[in-house]
Amino acid sequence: MKGLTPSLLALLVLSASAQAAEDTHQVGQIAHGEYLARVGDCAACHTAPGGMAFAGGLKMTTPVGAIYSTNITPDKTTGIGAYDLQAFADALRKGIRRDGTRLYPAMPYPSFAKINDEDIRDLYLYFTQQVTPVVQQNKASDIPWPLNMRWPLAMWDGIFREDGAYQPDANQSAQWNRGAYLVQGLGHCGSCHTPRGIGFQEKALNQTDDAYLSGGTLEGWHAASLRGDALSGLGSWNAEDLTRFLKTGHSDRFAAFGSMVDVVQDSTQHLSDEDLQAIAAYLKSLPAGDEQITPTANQPLALYSTGQGNPGGQAYLDNCAACHRSDGQGYRNTFPQLAHNPALLAEDPASVISIILNGSRTPMTIDAPTGLTMPDFGWRLSDQQVAQIATFVRTSWGNNAAPVTADQVKEIRENSAAKPSQQ
């Protein structure tokens with residue numbers, strides 16, 4: 001520093017301090033971006049089984065053919081390394097890639113349109129500065145011509161996409177607004193839990209429509225209603241039940257299944273308690289929908305009956321009762337209760353059929369690093385037997401949902417990984 005005037009030295013010190021402060025601030029932004037990537041569960045779609053993180057290649061089934069998730073690592077040739085902040089924002093919010101190609105709405109950009117500018121920036125910093133670049137070419141879809149032409153997506157967007165970041169509701173609390181922002185936006189809960197319309201669009205994007213979060217079916221699984229329905233929704237859950245479920249994959253009575261296992265494992269267990277409580281506060285504010293289920297009295301069961309009353313009773317006793325018990329109460333914090341279980345009582349029985357056919361597992365979390373697994377029964381039960389068990393659990397212990405047919409089981413078996421029955 002010899003020869004520097006005091007004033008010049010002071011300027012250099014101030015400049016170095018400012019740079020250090022800026023670097024520290026950006027480190028915080030990147031860390032926040034990583035947290036937001038957890039909130040959005042970006043890894044779930046953009047990481048294939050056994051693949052590199054965020055390198056894409058995950059197969060996703062749609063009504064017109066399979067598509068494959070894209071590489072979102074910062075590789076400049078096969079990923080998003082050449083994207084600037086605006087191009088990144090357009091991809092998330094508008095479903096438009098840097099080259100102008102439109103993304104299929106399997107990418108939940110109608111929800112991501114609600115993400116605010118600060119969160120978009122922090123996500124961009126995380127993905128471009130901390131994620132490891134991976135050279136992996138994107139795979140073309142299996143959608144046949146002419147359905148694979150993307151220009152009609154511009155019309156789809158014009159009809160179904162709503163632009164504009166989430167705007168807080170002045171009539172609601174800060175906690176409610178935070179929950180609404182997370183659920184409607186980056187959390188994109190409606191992608192699974194809201195029914196789809198004729199254009200495969202979510203029928204609603206916020207709580208102003210009763211269809212929002214009223215339950216939806218994708219790839220052979222039915223995501224239950226998150227509204228206040230007493231039996232098929234969250235009417236019997238309190239906020240503490242919800243926050244615990246999102247943190248661990250369990251409540252006292254129920255357990256995560258299907259794609260919700262990965263949501264808990266890769267996303268919600270990593271959220272702050274404040275954000276989980278905000279999500280619970282928002283969900284608990286949603287009124288009941290048009291529930292069609294009427295509870296019945298919890299009558300003693302004729303488990304051994306093979307008559308018209310309970311033809312699935314014996315099959316349930318042989319295959320299910322050891323874990324879920326003959327009274328359908330399961331074991332707290334271990335095997336879920338089947339009596340008054342919302343996953344069983346939806347109008348669409350896809351989930352209970354899929355679980356019997358394919359089995360399921362609970363999330364591996366910090367508190368439960370090994371998880372629990374339910375075996376698949378599809379390899380040894382016929383379509384009729386699966387239908388009888390599903391009907392039995394949907395109509396027992398006070399449950400009063402519609403019966404399941406062998407044809408419904410056959411359809412889900414043919415479109416899933418279930419092994420054919422040996423009978």
Side-chain angles (χ1 to χ4, degrees), residues 40-48 54-73 77-117 119-120 123-124 127 136-166 184-206 209 211-213 216-219 223 259 415:
D41 201 10
C42 304
C45 289
H46 290 279
T47 304
F54 303 117
L58 180 72
K59 183 178 181 179
M60 293 179 283
T61 304
T62 77
V64 293
I67 61 176
Y68 299 85
S69 63
T70 55
N71 185 344
I72 57 170
T73 74
T77 55
T78 63
I80 62 170
Y83 280 55
D84 60 17
L85 177 58
Q86 185 60 56
F88 181 82
D90 286 345
L92 260 67
R93 288 171 166 166
K94 299 179 180 179
I96 300 175
R97 293 196 308 212
R98 179 171 171 265
D99 63 2
T101 303
R102 292 185 179 271
L103 299 171
Y104 292 112
M107 165 70 170
Y109 57 84
S111 296
F112 290 171
K114 298 177 183 289
I115 305 173
N116 64 42
D117 291 342
D119 286 352
I120 289 283
L123 281 164
Y124 175 74
F127 276 106
Q136 180 171 298
Q137 293 291 339
N138 292 316
K139 187 174 181 179
S141 76
D142 295 337
I143 300 174
W145 187 88
L147 297 176
N148 64 349
M149 294 189 295
R150 301 200 183 211
W151 61 264
L153 291 171
M155 294 185 289
W156 191 98
D157 291 345
I159 298 171
F160 300 123
R161 193 187 76 216
E162 298 176 5
D163 290 331
Y166 175 80
Q184 295 176 25
L186 196 51
H188 62 285
C189 303
S191 293
C192 291
H193 290 274
T194 296
R196 301 274 174 162
I198 192 171
F200 201 60
Q201 83 286 3
E202 295 169 44
K203 288 187 175 181
L205 295 173
N206 61 55
D209 190 316
Y212 186 59
L213 301 182
T217 302
L218 284 173
E219 297 186 322
S259 58
N415 291 297

Verdict with supporting geometry, D84 and Y124, side-chain hydrogen bond (donor to acceptor under 3.5 Å, both in side chains): CA-CA 9 Å; D84 60 17; Y124 175 74; over 6 Å; no
Donor + acceptor pair across side chains of Y109, D157 (<3.5 Å):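 There is such a pair between these side chains.
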Distance (rounded to the nearest 0.5 Å) between [X] [atom1] and [Y] [atom2]:
X: C45; Y: K59; atom1: SG; atom2: NZ; value: 15.0 Å
X: S69; Y: L103; atom1: OG; atom2: CG; value: 11.5 Å
X: I67; Y: M60; atom1: CD1; atom2: CE; value: 4.5 Å
X: R102; Y: M107; atom1: CZ; atom2: CE; value: 13.5 Å

Considering all heavy atoms of both residues, which atom of [X] and which atom of [Y] are nearest to each other, and what is their separation?
X: Y104; Y: N148; value: OH-O, 3.3 Å
X: G190; Y: Y212; value: CA-CE1, 4.4 Å
X: A223; Y: C192; value: CB-O, 3.3 Å
X: G185; Y: K114; value: CA-CB, 4.1 Å
X: P105; Y: L153; value: CD-CD2, 3.9 Å
X: A204; Y: T194; value: O-CG2, 3.7 Å

Is it true that a side-chain atom of [X] and a backbone atom of [Y] form a donor plus acceptor pair closer than 3.5 Å?
X: T73; Y: G79; answer: no
X: D90; Y: I96; answer: no
X: R98; Y: A87; answer: no
X: Q136; Y: N71; answer: no

With a 4.5 Å cut-off on side-chain heavy atoms, are [Y] and [X] touching?
X: L58; Y: H46; answer: no
X: L205; Y: Q184; answer: no
X: F160; Y: P110; answer: no
X: L123; Y: L186; answer: yes

Counterpart residues, side-chain contact (heavy atoms from CB on, under 4.5 Å), relative to M149 (two or more places apart):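 For M149 the side-chain contact (heavy atoms from CB on, under 4.5 Å) partners, ignoring immediate neighbours, are W145, P146, W151, P152.
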side-chain contact (heavy atoms from CB on, under 4.5 Å) partners for I120, two or more places apart: L85, F88, A89, L92, R93, I115
If you look only at distance, which donor and acceptor atoms sit under 3.5 Å apart when one is on a side chain in residues 195-203 and the other is two or more places apart or in another chain?
unit_1, atom_1, unit_2, atom_2, d
R196, NH1, F200, O, 2.9
R196, NH2, S191, O, 2.9
Q201, OE1, G199, N, 2.9

